[in-house]
Amino acid sequence: MSANRPAAVVVLAAGEGTRMKSTTPKVLHAICGRSLVGHVVAASRELSPENLVVVVGHAREQVTAHLAEIDADVRTAVQHEQNGTGHAVRMGLEQLADSADSADSADSGVALDGTVVVVCGDTPLLTGETLGRLAETHAAEGNAVTVLTAEVPDATGYGRIVRDGASGAVTAIVEHKDATDAQRGIREINSGVFAFDAQLLIDALGKVRTDNSQGEEYLTDVLGILREAGHRVGACVAGDHREIVGINNRVQLAEARRLLNDRLLTRAMLDGVTVVDPATTWVDATVTFEPDAVVHPGTQLLGATHLAAHAEVGPNSRLTDTTVGEGAAVSFTVAEGAEIGAGASVGPYAYLRPGTRLGAKAKAGTYVEMKNARIGEGTKVPHLSYVGDATIGEYTNIGAASVFVNYDGVNKHHTTIGSHCRTGADNMLVAPVTIGDGAYTAAGSVITKDVPPGSLAVARGQQRNIEGWVARKRPGSAAARAAESARQEDAGEG
Ligand code: UD1
Ligand code: CA
């Protein structure tokens, strides 16, 4: 592909997207973990272009800030008024020429050589593979311009591809609003994606007029201009017309999300991942798997989540930026920024917050919340506990219903527990506090002082039994009668 490396990819993203009915710019709406324009940028990157410029206009501060976050090497060009796709490309190319000028002032008016690929910012399903095929076709046929087309079931609203009856060559693209009835019958449409010879594009853009129904500079007019000048105009038909669908409203946003999700799951399954119920499994484009990972129904895998071999996740779990080690099992769990070690067990009903690191074969059991906690190999927190800001060694057991009391209302404090410890049920471990290796704590203790290795800490009120209290204070009650018969039975046995 490097032979076809384009000089530039220009992404058009200046439009407003009013039909989204949103305060968020259209191209910043997200599916499968990336913004719409983020998907387009990622697909464009697969061509390794020398320059990648996004034309921004509507809400440009927000869009520009987002682009800087996702790809530091993206440039932006501002199109102040949306005067059409041709005008937008012109703005993009002028930006590239300007920055080339400032980088190399001796050679002003620097022109772009090679291929320029143009894509729209609202087509998140477009793949790098299809862009690659377009660039290859363009180079192999020696075209001045190659348009990516598709046969669609309903061409309403799209620009139609007009071909010569005899040769089949593309002669023009006619916008829906400007088309005759006969042209509206054509189902081959313009995807809005093109490969151009850079110099010919720059020249032709200077000749584009605005005498059309929208009074705009149409990029599509460049085809007719180049053809009339005797240049080769080619077309590359997309294998799957759904790839080129542009998003205009939230119904299309949901459809695109479903399609992309299916594509990601299909790839994972073909790579050896078991997905029990693709219909209720949702993954981001950035999630990675090893073969023999298993995903159960109702599971969302988001961000930089990674599932190692034989890891089992779900049902009903949401993992964000979380790595799950080989053979670990995670069910009914919400985890964010967590590392789950090989063979570890999480849930049912666990909540792992950022900074949780569960060692190999460790356990975060039922109704257990963890945050910023490093849990050593084989250590178990089986039931009803909160572990926050803690380091726990290996093969320690934390009793049920324990709380790591980490917050004094102003500051967070750390708790350190050694290896092979047994803390009792219902402990409050008041940080900062340290429990040494091999130590025990009694059930119901409030641990406020360090516990030396190997000792037993008891920190709770002494029990006192007041004999005969019920008979005196609750005479004639069911409790008093039950106590009296128990007393007689004891006396009888004795
Ligand atoms: C455009 C094409 C049409 C094609 C369709 C595919 C033209 C004249 N028409 O039509 O042939 O079938 O896309 O979806 O090119 N944009 C700007 N600045 C502008 C105008 C548009 O950046 O001044 C951007 C939009 O944000 C969008 C893209 O260009 O990402 C396409 O613009 P849009 O208005 O949706 O074009 P269509 O009328 O759909
Ligand atoms: Ca459109």
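We're numbering straight along the sequence, starting at 1. For ligands, and for the atoms within them, numbers begin at 1 and follow the listed sequence. Side chains included, hydrogens not; waters and symmetry mates left out as well; all remaining heavy atoms used.
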Asks: Using heavy-atom distances, let me know which of A14, G157, S191, G192 sits nearest atom 22 (O) of ligand 1.
Replies: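 Ranked by closest heavy atom to atom 22 (O) of ligand 1, first place is A14.
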Asks: Output the list of atoms in ligand 1 that are nearer than 4.0 Å to some heavy atom of G159, sorted by atom number.
Replies: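 The list of qualifying atoms is 3 (C), 4 (C), 11 (O), 12 (O).
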Asks: May I ask whether H87 places a heavy atom under 4.0 Å from ligand 1?
Replies: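 Contact check H87 vs ligand 1: negative.
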Asks: Looking at ligand 1, does any of its N/O atoms fall within less than 3.5 Å of an N/O of N190?
Replies: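 Yes.
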Asks: Are G246 and ligand 1 in contact, using a heavy-atom cut-off of under 4.0 Å?
Replies: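 G246: no contact with ligand 1 (<4.0 Å).
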Asks: Return each pair, listed once, that meets ring-ring contact (aromatic ring centres under 6.0 Å, His included) where at least one residue sits in residues 293-338; pairs must be two or more places apart or across chains.
Replies: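 Residue pairs passing ring-ring contact (aromatic ring centres under 6.0 Å, His included), neighbours aside: F332-Y349.
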Asks: Side chain of N406, backbone of A431: donor and acceptor closer than 3.5 Å?
Replies: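 No, because the side chain of N406 does not come within donor-acceptor range (under 3.5 Å) of the backbone of A431.
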Asks: Taking only heavy atoms of T220, which atoms of ligand 1 are found under 4.0 Å from at least one of them?
Replies: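 Counting atoms of ligand 1 from 1, those under 4.0 Å from T220 are 7 (C), 8 (C), 11 (O), 15 (O).
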Asks: Closer than 4.0 Å to some heavy atom of Q82 - which atoms of ligand 1 meet that?
Replies: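 That gives atoms 18 (N), 19 (C), 23 (O) of ligand 1.
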Asks: Heavy-atom distances under 4.0 Å decide this one: backbone, side chain, both or neither, for E175 against ligand 1?
Replies: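 Side chain only.
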Asks: Only counting residues at least two apart or in another chain, list the ones meeting side chain to side chain donor-acceptor pair (under 3.5 Å) with R242.
Replies: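 D240.
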Asks: Under a plain distance cut-off of 3.5 Å, with no hydrogens placed, do T156 and H176 share a side-chain donor-acceptor pair?
Replies: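 No, no side-chain donor-acceptor pair sits under 3.5 Å.
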Asks: Considering the heavy atoms of A88, write down every atom of ligand 1 situated less than 4.0 Å from one of them.
Replies: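 It comes down to these atoms of ligand 1: 17 (C), 18 (N), 22 (O).
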Asks: Could you tell me if the side chain of L319 sits less than 4.5 Å from the side chain of V324, heavy atoms only?
Replies: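 A side-chain contact exists here, since the closest heavy-atom pair is under 4.5 Å.
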Asks: Distance under 4.0 Å to a non-hydrogen atom of G15: what atoms of ligand 1 satisfy this?
Replies: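 Result: 22 (O), 25 (C), 26 (O).
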Asks: Using distance alone, determine whether L219 and ligand 1 share an N or O pair under 3.5 Å.
Replies: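 By distance alone, the answer is no.
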Asks: Does atom CG of D181 have more than 12 heavy-atom neighbours from other groups under 6.0 Å away?
Replies: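 Atom CG in D181 is not crowded, with 12 or fewer foreign heavy atoms closer than 6.0 Å.
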Asks: With a 4.0 Å heavy-atom cut-off (strictly under), which part of N83 contacts ligand 1: side chain, backbone, both or neither?
Replies: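 The part of N83 near ligand 1 is the backbone, not the side chain.
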Asks: Is the closest basic N to carboxylate O distance between E336 and R353 below 4.0 Å?
Replies: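 No.
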Asks: Do side-chain atoms of R318 reach the backbone of G298 as a donor and acceptor pair under 3.5 angstrom?
Replies: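 No, the answer is negative, given that no donor and acceptor are paired below the 3.5 Å cut-off.
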Asks: Can you tell me if K26 uses its side chain to pair, donor with acceptor, with the backbone of I247 under 3.5 Å?
Replies: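 Yes.
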Asks: List every atom of ligand 1 that sits less than 4.0 Å from any heavy atom of G121, numbering the atoms from 1 in the order shown and giving each element.
Replies: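 Listed by number with element, the hits are 30 (O).
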Asks: Among the heavy atoms of V55, does any lie under 4.0 Å from an atom of ligand 1?
Replies: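 False for this residue.
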Asks: Does R357 have more than 12 heavy atoms from other residues, nucleotides or ligands lying within 6.0 Å of its CZ?
Replies: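 It does not: R357 CZ has 12 such atoms or fewer within range.
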Asks: Out of Y218, Y158, F194, who gets a non-hydrogen atom closest to atom 14 (O) of ligand 1?
Replies: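 Comparing heavy atoms across Y218, Y158, F194, the nearest one to atom 14 (O) of ligand 1 lies in Y158.
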Asks: Record the part of E216 in heavy-atom contact with ligand 1 below 4.0 Å; permitted values are side chain, backbone, both and neither.
Replies: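 For E216, no heavy atom sits under 4.0 Å from ligand 1.
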Asks: Taking only heavy atoms of C120 into account, list the atoms of ligand 1 that are under 4.0 Å away from them.
Replies: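 Those of ligand 1 that fall under 4.0 Å from C120 are 28 (C), 30 (O), 31 (C).
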Asks: Does a sphere of radius 6.0 Å around CZ in R227 hold more than 12 heavy atoms from other residues, nucleotides or ligands, not counting ones at 6.0 Å or beyond?
Replies: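 Atom CZ in R227 is packed in, count exceeds 12.
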Asks: Do Q214 and ligand 1 have an N or O pair less than 3.5 Å apart?
Replies: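 No: no nitrogen or oxygen of Q214 is under 3.5 Å from one in ligand 1.
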